[in-house]
Number of protein chains: 2
Amino acid sequence: MSRAVPLDSVDLKILAALQNNARLSNKELAATVGIAPSTCLDRVNRLRETGVIVGYQLRVDPAKLDRSLEALLYVRMQPHRRPLVEPFVEHVLNQPETRELYHLTGPDDFLIHVAAENANALQRLVLDELTARDEIALVHTNLVFQRWLGGPLLPPEE
Amino acid sequence: MSRAVPLDSVDLKILAALQNNARLSNKELAATVGIAPSTCLDRVNRLRETGVIVGYQLRVDPAKLDRSLEALLYVRMQPHRRPLVEPFVEHVLNQPETRELYHLTGPDDFLIHVAAENANALQRLVLDELTARDEIALVHTNLVFQRWLGGPLLPPEE
DNA sequence: GATGAAACGATCATTTA
DNA sequence: TAAATGATCGTTTCATC
């Protein structure tokens with residue numbers, strides 16, 4: 001269901017261009033990659049249908065929303081059993097501070113990226129929403145100085 | 001420069017709607033939040049001008065691009081000095097596998113989210129691009145089972 | 001994959017509350 | 001000051017080549 005999809009050089013140009021600017025109009029995109037708008041529309045639709053393009057995400061500045069304290073929370077679950085995982089994931093995703101959640105190999109089972117109003121809000125989140133739960137054995141909190149996004153994601157070179 | 005911006009309930013509705021679907025047309029968005037399209041356009045432009053909306057990002061499925069092995073790399077820098085930070089950040093952002101990079105408090109100085117083709121590619125990344133550098137004291141690699149995104153980010157309740 | 005036409009949406013000057 | 005109206009302009013989209 002999630003195998004790699006054959007992509008030609010036009011597809012790759014489209015993906016690179018849209019990852020640089022997801023709001024390019026179809027017309028601009030077509031001009032950028034050098035094909036007709038109708039063809040371009042077909043290509044983009046196919047990239048969506050095949051699941052290469054998953055969605056379009058708004059990026060907001062957490063600081064502008066009074067959430068300037070970002071942190072990564074490393075969470076250990078004990079026992080680390082399937083019936084406990086799903087409710088925990090849902091609980092985390094329901095917290096308004098949650099930006100991303102990872103389920104991981106390694107000593108820590110989860111990593112949560114959160115954006116809180118201040119240290120008080122972060123403390124409340126850790127103590128009341130995480131360590132208060134029986135299955136949560138441990139939470140380590142690391143503050144985020146800065147965060148960068150990688151460039152366009154493309155298939156590995158041959 | 002990054003203080004919170006006063007936002008009324010219409011702004012919040014716009015932000016919530018666009019975070020659910022950043023490709024809503026202005027007309028649809030206006031209907032969703034219950035205002036005229038022209039007003040809606042003004043609002044969105046203001047949210048961009050004030051820096052609340054930072055950009056629009058394409059979300060792609062790494063597995064569909066032959067990058068199905070995602071990992072988090074915990075990196076310790078020694079010494080952790082400013083002149084070493086910027087070149088390292090640039091080096092990491094230049095790697096095609098890099099999706100996100102965090103600079104952190106705590107025992108590990110950086111966390112890198114990467115999407116690699118397979119274990120070989122991941123090993124190469126860690127050994128040739130990270131631990132090969134003098135300033136990198138240590139890299140821990142944790143694989144990603146699954147990743148979720150949080151819901152819309154809005155200001156804390158009063 | 002391109003062309004061209006019809007339909008639709010974005011945008012802005014103007015008007016109104 | 002903020003929002004709505006309505007005309008213009010441009011883009012998307014689809015049948016056809």
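Not measured: the values here are computed from a predicted model. Residue numbering restarts at 1 for every chain, and letters A, B, ... go by the order of the sequence lines.
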Inset, instruction - Please tell me which of A/Arg23 and A/Arg46 maps to the more 5' nucleotide of DNA chain C, matching each residue to the nucleotide holding its nearest heavy atom. - result: A/Arg46
Legend entry - B/Leu154 vs B/Leu15 side-chain heavy atoms within contact, under 4.5 Å: yes
Legend entry - Under 3.5 Å: donor-acceptor pair, side chain of B/Asp108, backbone of B/Phe110: no
Legend entry - Outermost DNA chain C nucleotides near chain A [under 4.0 Å, heavy atoms]: C/dG1 to C/dT3
Legend entry - Whether over 12 other heavy atoms sit under 6.0 Å from A/Arg46 CZ: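 Counting neighbours around CZ of A/Arg46, 12 or fewer heavy atoms of other residues, nucleotides or ligands fall under 6.0 Å, so no.
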Inset, instruction - Evaluate whether atom CG of A/Asp134 has more than 12 neighbouring non-hydrogen atoms of other residues, nucleotides or ligands under 6.0 angstrom away. - result: no
Inset, instruction - Write down the distance between CD1 (B/Ile35) and P (D/dA4), rounded to a whole number of angstrom. - result: 7 Å
Inset, instruction - May I ask you to check whether B/His113 and A/Tyr102 place their ring centres under 6.0 Å from each other? - result: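 Yes, they do, as the ring centres are separated by less than 6.0 Å.
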Legend entry - Side-chain H-bond candidate by donor/acceptor type, A/Thr98 with A/Gln95, under 3.5 Å: no
Inset, instruction - Would you please classify the geometry between the B/His103 ring and the B/His80 ring as parallel, tilted or perpendicular, with 30° and 60° separating the classes? - result: perpendicular
Inset, instruction - On the 0 to 90° scale, with breaks at 30° and 60°, tag the B/Tyr74-A/Tyr74 ring pair as parallel, tilted or perpendicular. - result: tilted
Legend entry - Presence of B/Arg43 side-chain N/O under 4.0 Å of D/dA2 phosphate oxygens OP1/OP2: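 For D/dA2, neither OP1 nor OP2 has a side-chain N or O of B/Arg43 closer than 4.0 Å.
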Legend entry - nucleotides 10-17 of chain D: protein proximity per nucleotide (B base, S sugar-phosphate only, - neither; heavy atom, under 4.0 Å): -SSSB---
